[in-house]
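Both ligands and their constituent atoms are indexed starting at 1 by order of listing.
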Amino acid sequence: MFNNGIVNYENYNNVEKNLKNVLNLANTSQNAKAVEEEIYYNTAKNVGRSLNVTDYNSLSEKIMELGIGQIVITNMSDEKVVFRLYDCFTCSDMENIGKPVCYFEAGILAGAVSTISKQDMDAVEVRCNALGDSYCEFDVTKASGTKKSFNDDSDGEKTDINMLYLTINSLKLAKSKNQIQSQSQRSTQDNKKLNDALENALEADNFNQNIIDSIPNYLAVIDSSGMVVRINKKYQEFLSSAFKKDTSIISLAWESKYLEVLATGAPAIWQQQISGKEHIIFESPILEAKAVLRQVIPVESDFIKLLLDKISVLEEQIDSKKKAGETEHATLHDPKVMVASAEMIDLVNYIKKVAKTDASILMRGESGTGKTMFAEVVHQESPRSHQPFIYIDCTTIPKNFFETELFGYTPGAFTGANKKGKIGKLEMAQGGTVFLDEIAEIPIEIQSKLLRFLQEKKFEKMGAVTTQQVDTRVIAATSQNLEAMIGAGLFRKDLYYRLNVINIVLPPLRERSQEIPGLAERILLQISQETGAAVKKIEAAGLQELMNYSWPGNIRELENLIKRLTFLVDDPVISRAAIEKELNTAESLNVFAGVAKNEIKENEKDLIVRVLQNCRDNKSAAAAKLGITRQTLYNKIKKYNITF
Ligand SMILES: Nc1ncnc2c1ncn2[C@@H]1O[C@H](COP(=O)(O)OP(=O)(O)OP(=O)(O)O)[C@@H](O)[C@H]1O
């Protein structure tokens with residue numbers, strides 16, 4: 001037993017012993033490490049089963065979604081499936097240690113293939129980064145019956161699944177924490193995803209006390225005032241006296257970073273010696289509940305040692321990059337694409353991975369954040385890159401023309417139709433990619449036809465009696481709130497789910513202001529390459545000014561502003577004063593208006609309000625600056641319920 005926050009490691013061993021007993025493995029001839037690997041393997045196998053994947057495509061997507069890596073099947077028969085796993089979650093950063101270590105991944109694949117093939121399968125890892133290979137390879141074959149699993153025990157299975165999900169989520173959080181240079185640079189999008197994942201894992205079981213009790217880590221929930229409002233059995237066992245709900249962490253003498261975690265929304269992870277043994281303390285936010293989930297994980301198992309090794313490798317990498325003062329770039333085929341923050345590098349690496357699949361993609365983000373540019377990146381990075389990429393701006397197609405634009409028509413399909421008929425854009429892009437920009441504009445009647453195309457790759461031209469099949473990948477983009485449109489009956493839910501197989505959210509520039517210096521530098525370089533003039537620089541205080549600005553027009557607006565400044569400023573260095581002036585003057589509003597004219601989208605209301613304020617509510621002046629008619633401005637004021 002312990003006090004002053006000192007954890008007695010013996011109890012963790014007891015928990016582990018119990019687990020081993022459940023598995024009936026403790027008395028076998030296998031050594032302790034093998035037993036532990038077996039536990040993780042079997043636990044992961046049950047998770048693999050519970051993924052309920054029905055085919056290898058969905059398995060591939062699921063593996064990617066869980067952040068485990070990217071699988072490729074290299075051999076498949078009734079007896080055996082061989083998987084290669086790239087970017088393996090466990091071992092991708094490891095050096096050769098002479099033995100395979102990915103029993104986690106092996107278990108997940110074994111479980112998932114068991115579900116798909118409807119027979120019990122086991123996986124053996126034959127290649128691994130930890131064996132000196134550059135990827136992992138798993139042979140998944142019919143189970144011999146020697147390995148144990150929890151299949152017959154549904155409660156056990158559920159418990160394992162929760163344990164594994166929590167562990168995976170913890171690892172992901174720990175990993176991402178260490179991959180990012182500072183908390184301030186941390187992507188809100190990532191934070192949200194990770195937080196959601198954790199919350200889902202918890203909420204799925206209503207944070208049931210039985211479940212937290214079954215987790216062999218010490219677990220507690222701390223509320224925003226520092227009260228420990230929940231604690232699991234394992235943790236309780238370490239306290240010198242019985243735990244009473246709502247005890248403050250100070251009185252328990254726990255070192256906690258709950259205040260920092262709640263303030264930043266980012267998890268805190270550190271290592272601490274407790275009772276002479278190393279432990280990982282991991283505190284992550286449960287934002288909805290304004291609470292912090294604290295886990296104490298003994299650093300005794302090989303599993304945690306592997307994690308720590310990985311963390312230190314990542315830390316070293318980050319340090320050396322910082323020292324070198326480099327900005328890491330994800331290499332892309334298109335040199336125009338600028339990626340200048342850790343967050344965007346992660347996103348680009350993800351885009352490169354999903355590009356290799358055929359799944360539909362939904363790009364989301366405000367106008368000017370790069371949806372079109374990154375849709376092209378997906379195409380260029382995909383095996384379809386030598387086939388057409390066709391851009392369709394759905395805002396420019398009249399309602400009645402959507403069907404013929406997308407699907408085409410046969411000769412004489414309607415009065416006035418072209419005698420030769422018309423090939424639709426989906427057919428034109430055969431073998432390639434169609435990018436549907438502002439998909440929310442597609443009328444609901446056409447949405448069902450598009451849905452069928454996404455499901456079956458089949459459609460009928462207008463007026464046709466035969467069905468056609470074409471192999472075209474669809475990428476869609478929207479700056480609209482599709483969920484609200486579904487609620488209003490304007491967008492089909494099934495189409496939304498179908499498109500949303502892969503969801504890429506491009507954050508607005510104001511949320512990635514640390515990218516601005518890098519972006520500005522590259523824009524200046526690009527201008528110099530285009531004009532042949534010397535590359536200009538921006539004064540440091542000027543960059544700060546750019547970083548503080550809210551960029552309603554995002555990167556497009558930044559590009560326009562910098563282009564304008566390079567023409568206006570003769571000096572080789574663009575000063576803060578020039579930037580300030582440009583951001584504030586009527587000219588900058590005109591640039592802004594140039595942006596606005598093309599971008600009457602989600603941030604339109606904000607834009608109109610700002611321009612109206614700048615024009616002191618003079619609607620004629622505001623309409624002129626926005627590049628729209630007075631009547632259109634009135635319509636929009638009414639539409640958005642703008643009051644003065
Ligand atoms: N990462 C980037 N690197 C370089 N240029 C970029 C980047 N992201 C966006 N841009 C540039 O910003 C401008 C706007 O990008 P893009 O047209 O792709 O945005 P969008 O989200 O599709 O906008 P809209 O919704 O208005 O169609 C383009 O000129 C594009 O080249």
Side-chain angles (χ1 to χ4, degrees), residues 187 189 327-352 355 361-381 389-397 433-442 475-482 503-530 546 549 551-564 591-607 626-627:
S187 133
Q189 185 196 342
T327 314
E328 188 184 351
H329 297 300
T331 43
L332 288 173
H333 287 111
D334 185 349
K336 283 198 310 294
V337 182
M338 304 175 213
V339 180
S341 69
E343 172 194 353
M344 287 303 285
I345 288 166
D346 281 353
L347 192 66
V348 164
N349 285 329
Y350 176 66
I351 288 176
K352 281 171 74 176
I361 295 180
L362 184 61
M363 300 256 178
R364 308 195 72 166
E366 291 176 11
S367 198
T369 46
K371 298 186 293 296
T372 307
M373 173 167 246
F374 282 104
E376 283 191 64
V377 168
V378 171
H379 176 72
Q380 284 157 7
E381 300 290 326
F389 173 85
I390 295 192
Y391 171 83
I392 306 174
D393 181 355
C394 298
T395 59
T396 59
I397 303 177
T433 309
V434 151
F435 175 53
L436 293 167
D437 198 5
E438 291 304 344
I439 181 107
E441 298 296 323
I442 296 191
I475 304 178
T478 185
S479 53
Q480 301 288 322
N481 181 345
L482 282 189
N503 191 336
I504 294 175
V505 182
L506 290 162
L509 193 54
R510 65 184 165 276
E511 281 177 20
R512 42 177 165 135
S513 60
Q514 77 277 11
E515 269 214 300
I516 289 176
L519 282 166
E521 195 181 308
R522 282 147 195 263
I523 293 169
L524 288 166
L525 186 69
Q526 199 174 310
I527 295 171
S528 142
Q529 281 161 356
E530 280 166 14
L546 295 180
Y549 183 62
W551 300 110
N554 291 298
I555 299 173
R556 188 179 289 124
E557 191 188 355
L558 176 70
E559 270 179 355
N560 288 346
L561 181 102
I562 293 181
K563 272 185 194 155
R564 197 169 169 76
V591 178
F592 199 22
V595 174
K597 199 171 174 183
N598 299 324
E599 298 175 355
I600 304 300
K601 306 227 171 110
E602 195 164 82
N603 55 353
E604 189 179 57
K605 181 177 174 184
D606 280 355
L607 188 62
L626 286 161

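Ligand-side atoms of ligand 1 in range of Val337: 3 (N), range being under 4.0 angstrom from any heavy atom.
Among Thr369, Ile555, Asp437, the residue whose heavy atom lies closest to atom 27 (O) of ligand 1 is Asp437. Compare Glu438, Met373, Arg556 by their heavy atoms: the one nearest to atom 14 (C) of ligand 1 is in Arg556. For atom 25 (O) of ligand 1, the nearest non-hydrogen atom from the set Glu376, Lys371, Met363 comes from Lys371.
Aromatic ring orientation, Phe389 versus Phe435: parallel (interplanar angle below 30°, classes split at 30° and 60°).
At least one N or O atom of Met338 sits closer than 3.5 Å to an N or O atom of ligand 1. Inclusion of Phe374 in the set of residues having an N or O under 3.5 Å from an N or O of ligand 1 is not warranted. The distance criterion of under 3.5 Å between nitrogen or oxygen atoms is not met by Tyr391 with respect to ligand 1.
Within the 3.5 Å criterion, the main-chain N or O of Gly365 finds a donor-acceptor partner in the side chain of Lys371.
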Go through the steps to decide whether Ile475 and Ile504 satisfy the test side chain to side chain contact (heavy atoms under 4.5 Å, CB included), and finish with yes or no. CA-CA 10 Å; Ile475 304 178; Ile504 294 175; over 6 Å; no
Derivation and outcome, side chain to side chain contact (heavy atoms under 4.5 Å, CB included), residues Met373 and Val337: CA-CA 8 Å; Met373 173 167 246; Val337 182; 4.0 Å; yes
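The closest approach between any non-hydrogen atom of Gly368 and ligand 1 is below 4.0 Å.
Using a 4.0 Å cut-off between heavy atoms, Glu366 contacts ligand 1 through its backbone alone, with no side-chain atom that close. Contact annotation: for Val339 versus ligand 1, there are no heavy atoms closer than 4.0 Å.
A salt bridge is defined here as a Lys NZ or Arg NE, NH1 or NH2 lying under 4.0 Å from an Asp or Glu carboxylate O, and Lys563 with Glu530 fails to meet this definition.
When every heavy atom of Thr433 is checked against every heavy atom of His379, the shortest pair comes out as OG1-ND1, 2.7 Å.
Residue Glu521 qualifies as open at atom CD: its count of foreign heavy atoms under 6.0 Å is 12 or below.
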